Undergrad: 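Submitted below is the structure of interest, expressed as structure tokens.
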Amino acid sequence: MKALGMMVVLVSFAAFAGPVSDLRQSVPQADAKKRGPLAAGLKPTLLAMGEGVIPELIVEASRPADPSWSESAALAWRVSVLEALGTHKDARARPVFQRQLADTSAPFMVQRAAAEGLAKLGDADVLIAQLDRDAVVAGIGSARTHAVARALALELTKQPSPARAKLLVKALGEVGNAWAWATLPVRTEELATRNEAAKSLVAAYVKFDGEVRNAAATQLLIVDSPSTAAFIAQARAGGLAVPELDALSQRVASKPLGR
Amino acid sequence: MRISLSLLVTLSLAACGGGPVESFLSGPASIGPVTLLPGIEGSPCEAASSCGSGFLCRKIGGSGVCSRPGVENASCADTSHCAAGFICSSSAGAGVCTRPLVDLRVDVNRDGIVDVAPGAADDLDEDTWNATHGAIFLANIDDDEVVCSRTVTGDVQLAACNDAADEIVNGADDLLDMAVMKVAPWAAAPMTATGKLLSTPPGKIRIFKQTAGNSWELFDEYQNVLSADELKAGVELRVEGKDVVRDSAVWDGYVSVTLEVSGIENTLTDTVKLRTSPVMTFHHLEAPQTSYVTRVPRDGSSTAFVNALKGAIANTTEKAPLVEIADNDQWTQDFFETGYMTMPAAGGAQHTIRVAYRSASLEQGGFLRPAGRVVFTSFRGKDAAGLQAWSPTQDGNSSSLNSYGNTETIPPYSHNGQTYPLGRLLRGAIPSFAPDPVLSKMMESQAVQPHLYVDTSWLLVGHVDETISFLKAPNPRGWVLLVNDAAQAKAMLEAQVAAGNGNVQMHVGKRWYNYNTNQYYSAAISISQVLANTEIMAASAEAVGEVNAQLEIIKAATGITEAEIIRVPFLHYKEFGYSIAYQPGTVNGFVAGEQDFISPDPFGPVINGVDIFKKDLEDKLATVNQRVHWVDDWDLYHANMGEIHCGTNAARVIPAAKWWEGGR
């Protein structure tokens with residue numbers, strides 16, 4: 001039975017031999033040329049192939065890496081395929097994301113990409129239920145709903161470690177990202193979501209220091225909520241003021257997104 | 001010359017006979033009610049108290065006579081016959097009083113010459129070091145005779161060879177890399193005198209002594225002594241530093257050298273203080289002398305890029321020669337960083353050893369990035385050194401930060417009472433995402449270009465050159481900051497949509513490429529499609545916020561104002577959850593001259609025959625007298641997470657500013 005399964009997979013791979021498989025052959029070269037930790041350019045190339053390759057991408061997502069590849073090459077390809085699938089927002093990829101996310105032994109980036117894929121498909125509830133996982137936090141921001149913002153805000157109140165708090169803060173920035181919202185066809189939850197994110201980010205700014213505070217300030221600029229100034233004022237009035245709130249107010253008031 | 005106070009006291013005691021204190025106290029003495037006339041020159045005496053003011057009781061044989069203490073060249077039988085500060089030297093047969101000359105000289109006044117004349121400036125405050133005086137030496141880590149192996153495979157072994165690694169002077173050029181130190185001649189030194197040279201802290205320098213025949217030999221501080229004849233004639237010495245400062249908490253770069261002369265009645269010393277040159281990096285205000293680029297063998301896109309770069313450089317004022325490095329690692333900016341060390345030379349010049357830092361990035365397998373070997377295999381030579389430092393346990397996740405695209409130099413400035421005449425190093429690092437700690441410690445320990453860190457952890461590559469650069473400018477500051485501004489890019493594109501140009505494509509003729517099959521897929525995309533792309537817009541908004549955070553830090557540190565900042569528009573997108581330039585990152589260009597900036601071609605939308613992104617940058621840089629030269633880097637660099645700056649490098653003119661005057 002197992003052998004039969006393998007045959008089916010192999011037949012599947014063969015059946016979808018095409019541009020994705022062709023690109024797969026170039027992964028070692030892309031890896032050799034990379035500037036950072038992982039080879040970029042694979043995802044945009046996969047996307048440039050168009051939606052017609054989605055079935056092939058789905059098959060490719062299950063293929064094991066070539067054993068001759070380096071660790072970074074294998075990871076770059078695996079994540080690039082998942083991210084390309086995520087960008088297409090095609091429901092046929094949902095099982096792929098679910099399967100990859102279920103594999104908690106997978107590299108963090110794989111789990112994050114899978115979570116992001118589900119987020120883009122709108123599976124917020126599934127992800128909110130797994131917010132205890134850092135990879136899910138890192139990927140959930142693309143599910144731009146008020147519920148996600150609330151859930152992230154709630155997590156921030158649970159005394160997270162600084163590392164996890166930073167992830168939560170960044171996710172709040174992603175879910176409330178002003179420019180991302182502006183591209184969405186349905187924006188009914190935009191204001192509530194961005195406000196929720198901003199309120200939580202101001203609280204995080206006051207509550208944490210160091211990298212978390214710095215990240216919260218930056219994400220506030222990205223969320224660019226019209227209520228941020230009011231949230232800062234509330235923080236002051238509530239006795240939560242820290243000297244840096246003045247600096248934060250000035251940065252927010254400069255509105256770098258909208259300058 | 002400076003003799004320590006304690007020794008001076010001892011010397012005074014000795015000069016006065018070494019007896020009880022009263023024996024050298026001169027002046028009238030009272031004995032009972034009868035006042036005796038104090039003895040004058042030649043009067044018999046038992047003790048100094050018997051002699052008049054200014055006389056001592058000189059004992060010759062069993063009897064004493066009052067006598068003025070002997071000064072230079074006065075006859076003496078022993079030092080008790082000599083005035084304070086003199087000793088009786090019997091080296092010429094009959095004894096003569098002579099002032100001991102234990103005098104070690106270095107180039108204290110930094111004029112490139114060591115002057116042994118009495119009272120010369122090189123003798124003043126020689127045991128202290130500050131911005132106005134104090135001698136300097138170099139870590140002699142170049143390879144003047146070019147004898148180091150270029151084929152050794154081990155990272156440690158490759159770096160181990162340099163002129164400071166042996167105990168010989170490696171030719172005439174090697175001597176020039178050493179600081180001059182001299183023992184001033186003491187013609188009247190007693191034949192019993194011997195000298196030692198001791199450095200503190202030990203082991204940081206090596207001393208060479210000139211011998212007959214103008215040859216040089218190692219002076220072993222623990223085994224060798226200077227003879228009386230050498231002390232009489234004076235000794236010519238050279239000091240070489242064995243290494244640069246790697247951790248200022250362990251060694252701050254200062255060395256004191258003490259000349260200790262013994263074999264006279266009391267051991268005398270003279271101490272000088274020197275400091276080793278730090279390794280400094282170049283800022284963009286200095287014109288390039290040599291440009292570098294990697295030529296990837298059998299790579300057509302590399303060949304095309306190199307040719308285009310050559311063409312652009314040919315159109316610059318400086319036309320800095322382009323050196324090609326044959327390697328598969330195309331990231332020329334990343335695998336080495338150029339720098340230099342200097343010490344004063346005659347005529348106000350600086351003697352320089354150029355230094356190239358090797359990237360500390362570890363590859364799989366735990367070896368250093370191979371392309372970085374070039375600092376030893378190609379650059380190391382006469383007045384040129386390679387340098388490396390890394391931790392074998394570095395965090396692999398932040399390995400990319402060790403690339404020198406993540407090390408830029410803020411040009412010189414003053415702010416809040418602080419002056420940075422050589423600028424400051426700008427690197428991307430936060431506590432949770434930082435470059436190799438050993439390399440960072442070494443770079444920070446150079447001290448004269450204090451580091452400024454910004455957060456680059458949001459970028460996939462994580463380098464400061466992705467968002468920031470600096471250009472010379474005719475303003476009071478002397479430079480402007482170039483900084484990425486995705487908001488401006490979005491606004492430019494929105495303006496075109498409003499003008500009815502939303503369907504105009506950008507990235508026309510560019511492609512995403514399959515290296516294996518040579519298949520390619522068009523990268524062309526309309527303005528409206530870009531603005532409607534959630535991922536591009538989300539990443540670009542994030543870039544705005546993150547760059548704002550970087551800018552806040554730089555503004556606070558430098559006081560730079562918006563009027564001195566040039567915004568460079570391009571959008572971002574994300575891969576692997578991290579940000580990267582979506583349009584060619586035009587801030588990430590090569591400063592190829594004092595007025596020439598080679599920028600990646602943005603392949604922006606062409607409206608009425610004009611690429612609006614090209615025009616934007618050209619217009620802005622024209623305001624600071626900078627020309628833009630466009631080079632297509634899409635296939636080789638942009639598509640691989642980099643731009644022109646990442647694929648180039650430069651060694652620049654040594655700044656006129658002298659590090660030792662900077663007060664750090």
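Keep in mind the model is a prediction, meaning the values are calculated, not measured. Keep in mind that the numbers below use all heavy atoms, side chains included, and drop hydrogens, waters and symmetry copies.
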Undergrad: Kindly determine whether Lys43(A) and Glu535(B) satisfy side chain to side chain contact (heavy atoms under 4.5 Å, CB included), including the steps that lead there.
TA: CA-CA 12 Å; Lys43(A) 174 185 168 185; Glu535(B) 292 183 15; 3.2 Å; yes

Undergrad: Could you pull out the closest heavy-atom pair between Met537(B) and Asn177(A), with the gap in Å?
TA: O-OD1, 4.2 Å

Undergrad: How many angstroms lie between atom CD of Glu562(B) and atom OG of Ser254(A), to the nearest 0.5 angstrom?
TA: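 Reported value, rounded in 0.5 Å steps: 9.0 Å.
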
Undergrad: Which pair of non-hydrogen atoms, one from Trp331(B) and one from Lys34(A), has the smallest distance, and what is that distance?
TA: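 Closest heavy-atom pair between Trp331(B) and Lys34(A): NE1-O, 3.1 Å.
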
Undergrad: Which bit of Glu546(B) comes within less than 4.5 Å of chain A, counting heavy atoms only: side chain, backbone, both or neither?
TA: both

Undergrad: So which part of His638(B) gets closer than 4.5 Å to some heavy atom of chain A, the side chain, the backbone, both or neither?
TA: neither

Undergrad: Heavy-atom cut-off 4.5 Å, strictly under: side chain, backbone, both or neither for Tyr573(B) against chain A?
TA: side chain

Undergrad: Tell me which of these, Ala538(B), Ser400(B), Ser399(B), Ser540(B), has more heavy-atom pairs under 4.5 Å with chain A than the rest.
TA: Ala538(B)

Undergrad: Taking all non-hydrogen atoms of both residues, which atom of Glu575(B) and which atom of Pro44(A) are closest, and how far apart?
TA: OE2-CD, 3.3 Å

Undergrad: Evaluate Trp458(B) against Thr218(A) for side chain to side chain contact (heavy atoms under 4.5 Å, CB included), listing each step before the verdict.
TA: CA-CA 11 Å; Trp458(B) 55 284; Thr218(A) 298; over 6 Å; no

Undergrad: What part of Leu401(B) is in contact with chain A, defined as an atom under 4.5 angstrom from a non-hydrogen atom: side chain, backbone, both or neither?
TA: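 It is neither, since no heavy atom gets under 4.5 Å.
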
Undergrad: Top residue by heavy-atom pair count (under 4.5 Å) with chain B, among Ala32(A), Ala178(A), Ala39(A), Ala113(A)?
TA: Ala39(A)

Undergrad: Measuring from Ile430(B):CD1 to Asn214(A):CG, what's the distance to the nearest 0.5 Å?
TA: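 With rounding to 0.5 Å, CD1 (Ile430(B)) is 8.5 Å from CG (Asn214(A)).
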
Undergrad: Of the backbone (N, CA, C, O) and the side chain (C-beta and beyond), which part of Lys574(B) lies under 4.5 Å from a heavy atom of chain A, both, or neither?
TA: both

Undergrad: So for Asn397(B), is it side chain, backbone, both, or neither that comes closer than 4.5 Å to the heavy atoms of chain A?
TA: neither

Undergrad: Which atoms of Ala532(B) come close to chain A, meaning under 4.5 Å heavy atom to heavy atom: side chain ones, backbone ones, both, or neither?
TA: backbone

Undergrad: Gly577(B) and Glu83(A): which non-hydrogen atoms are nearest, and at how many Å?
TA: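 Where Gly577(B) meets Glu83(A) most closely, the heavy atoms are N-OE2, 3.4 Å.
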
Undergrad: Select one option (side chain, backbone, both, neither) describing which atoms of Gln550(B) are under 4.5 Å from chain A's heavy atoms.
TA: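 Interface part for Gln550(B): neither.
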
Undergrad: Does any heavy atom of chain B fall under 4.5 Å from the side chain of Ser142(A), the backbone, both, or neither of them?
TA: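 Neither part.
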
Undergrad: Of all heavy-atom pairs between Ala40(A) and Ile580(B), which one has the smallest distance, and what is that distance?
TA: CB-CD1, 4.4 Å

Undergrad: Rounded to the nearest 0.5 Å, how far apart are CH2 of Trp179(A) and CG of Leu531(B)?
TA: 9.5 Å

Undergrad: Heavy-atom distance under 4.5 Å between the side chains of Arg251(A) and Asn548(B), does that happen here?
TA: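 Contact flag for Arg251(A)/Asn548(B) side chains = yes.
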
Undergrad: Return the minimal non-hydrogen interatomic distance between Ala48(A) and Trp512(B), and the atom names on each side.
TA: CB-CD1, 3.9 Å

Undergrad: As an exercise: rank Ala539(B), Cys646(B), Gly642(B) by heavy-atom pairs under 4.5 Å with chain A and give me the winner.
TA: Cys646(B)

Undergrad: Side chain from CB out, backbone as N, CA, C, O: work out which of these in Tyr520(B) comes under 4.5 Å of a heavy atom of chain A, or both, or neither.
TA: neither

Undergrad: Chain A heavy atoms under 4.5 Å from Asn640(B): which part of the residue, side chain, backbone, both or neither?
TA: both

Undergrad: May I ask you to test the Leu184(A)-Thr534(B) pair for a side-chain heavy-atom distance under 4.5 Å?
TA: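 Side chain of Leu184(A) against side chain of Thr534(B), heavy atoms only: contact under 4.5 Å found.
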
Undergrad: Look only at the side chain of Gln519(B) and the backbone of Pro19(A), and say whether a donor-acceptor pair between them is shorter than 3.5 Å.
TA: no

Undergrad: Less than 4.0 Å between a side-chain N and a carboxylate O, is that true for Arg35(A) and Asp465(B)?
TA: yes

Undergrad: Is there a side-chain contact between Leu636(B) and Lys33(A) (heavy atoms, below 4.5 Å)?
TA: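 A side-chain contact exists here, since the closest heavy-atom pair is under 4.5 Å.
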
Undergrad: Just give me the residue among Ser432(B), Ala639(B), Ala486(B), Gly396(B) that pairs up with chain A most often, heavy atom to heavy atom, under 4.5 Å.
TA: Ser432(B)

Undergrad: Does Asp436(B) have any salt bridge (charged side-chain N to carboxylate O under 4.0 Å, His left out) partners at least two apart in sequence or in another chain, and if so, which?
TA: none

Undergrad: Side-chain contact test, heavy atoms from C-beta onward, threshold under 4.5 Å: evaluate it for Lys166(A) versus Ser457(B) and give yes or no.
TA: yes

